[in-house]
Amino acid sequence: QVQLVESGGGLVQAGGSLRLSCAASGRTFSYSAVGWFRQAPGKEREFVAAITWSGSSTSYADSVKGRFTISRDNAKNTVYLQMNSLKPEDTALYYCAVSSSWRVGVTQNDYYYWGQGTQVTVSS
C-alpha cells in the first residue's frame, strides 16, 4: 500500500510560479513511474506530466511543455512539479499518481495509486 500526499498548491497570479510536491509513504515507489494529472471543474481529469523511476525520461502534455518541469528524489520518496508562467487555464485540482510500471504512462489506467489532490488557482 502506498499513501500519496500532495502539497504546494495555492492561489497565484497569472505569470507566477508554484512547486507541487508529492510525498509517498508506506511502500517505496522508487521503481515506478509517477505522474501528475489535473482536473478542472466540469472537465475530465487530464494528464500533465510523468517521470520514469530513474528520472531519465519524462513526458508532458502539450499544454504545459516549456512551462512545467517534473522531477523526483527517490531518497525522499518525493516527486515535484515545478510550474512556471502559470495561466488561468492551469486552474485545477492537481493529483499525483504512481504507476504499476517503470515506464511513463499518459493515461489514468496506467496508474493505480492516487493522492487526494492539491488545488491550484491562477487569477488573471
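Side chains included, hydrogens not; waters and symmetry mates left out as well; all remaining heavy atoms used.
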Passing option when C22 is tested against L4, N77, V98 for side-chain contact (heavy atoms from CB on, under 4.5 Å): L4
Residue pair T52, T58: steps toward the side chain to side chain contact (heavy atoms under 4.5 Å, CB included) verdict: CA-CA 6 Å; T52 54; T58 57; over 6 Å; no
F37-Y111 aromatic ring centre distance below 6.0 Å: yes
Minimum heavy-atom distance between K43 and Q39, given as atom pair plus value: O-NE2, 3.1 Å
Side chain to side chain, S17 and M83, heavy atoms closer than 4.5 Å: no
Closest heavy-atom pair and its distance - S124, A14: CA-CB, 4.4 Å
Same apolar cluster (I L V M F W Y, side chains within < 4.5 Å links), W102/V104: no
Ring geometry between Y94 and F68 (parallel below 30°, tilted from 30 to 60°, perpendicular above 60°): tilted
Check: D90 side chain, L86 main-chain N or O, donor-acceptor pair, under 3.5 Å: no
Minimum heavy-atom distance G8-T118, with the two atoms named: N-OG1, 4.2 Å
Within one Ile-Leu-Val-Met-Phe-Trp-Tyr cluster: Y60 and V106, side-chain cutoff 4.5 Å: no
Stacked cation flag R38 on Y95, 6.0 angstrom / 45 deg: no
Donor-acceptor side-chain pairing of S101 and S99 below 3.5 angstrom: no
Spatial distance of atom CG (N74) from atom OG (S32) [nearest 0.5 Å]: 9.5 Å
Heavy-atom donor-acceptor pair, E6 side chain to C96 backbone, under 3.5 Å: yes
Closest non-hydrogen atom pair between V120 and G9, with its separation: CG2-CA, 4.1 Å
Parallel, tilted or perpendicular: rings of Y31 and W53 (30°, 60°): tilted
Expected output: side-chain T78 to main-chain D73 donor-acceptor under 3.5 Å: no
Shortest non-hydrogen contact between S59 and F47, atoms and distance: O-CZ, 3.6 Å
Reported OG-to-NZ distance for the pair S63 and K87, which is rounded to 0.5 angstrom: 8.0 Å
Residues in salt bridge (Lys or Arg N to Asp or Glu O under 4.0 Å) contact with E89, at least two apart in sequence or another chain: none
With sequence neighbours excluded, residues passing salt bridge (Lys or Arg N to Asp or Glu O under 4.0 Å) with K65: D62
Side-chain donor/acceptor of T91 to backbone N/O of T121, under 3.5 Å: no
Nearest atoms (heavy-atom pairs only) where A40 meets A92: N-CB, 3.8 Å
Hydrophobic cluster membership, V122 vs L93, 4.5 Å side-chain cutoff: no
CZ-OG distance between R67 and S85, expressed to the nearest 0.5 angstrom: 7.0 Å
Atom pair OG (S71) and CD1 (I51), whose distance is rounded to the nearest 0.5 Å: 6.0 Å
Side-chain touch L81/V48, heavy atoms, less than 4.5 angstrom: yes
Heavy-atom side-chain contact between W114 and Q108 under 4.5 Å: yes
Backbone of G55 reached by a side-chain donor or acceptor of R72 within 3.5 Å: no
Apart from V5 itself, residues in the same hydrophobic cluster as defined by side-chain heavy atoms under 4.5 Å: none
Geometric cation-pi criterion, R19 with Y80: 6.0 Å, 45°: yes
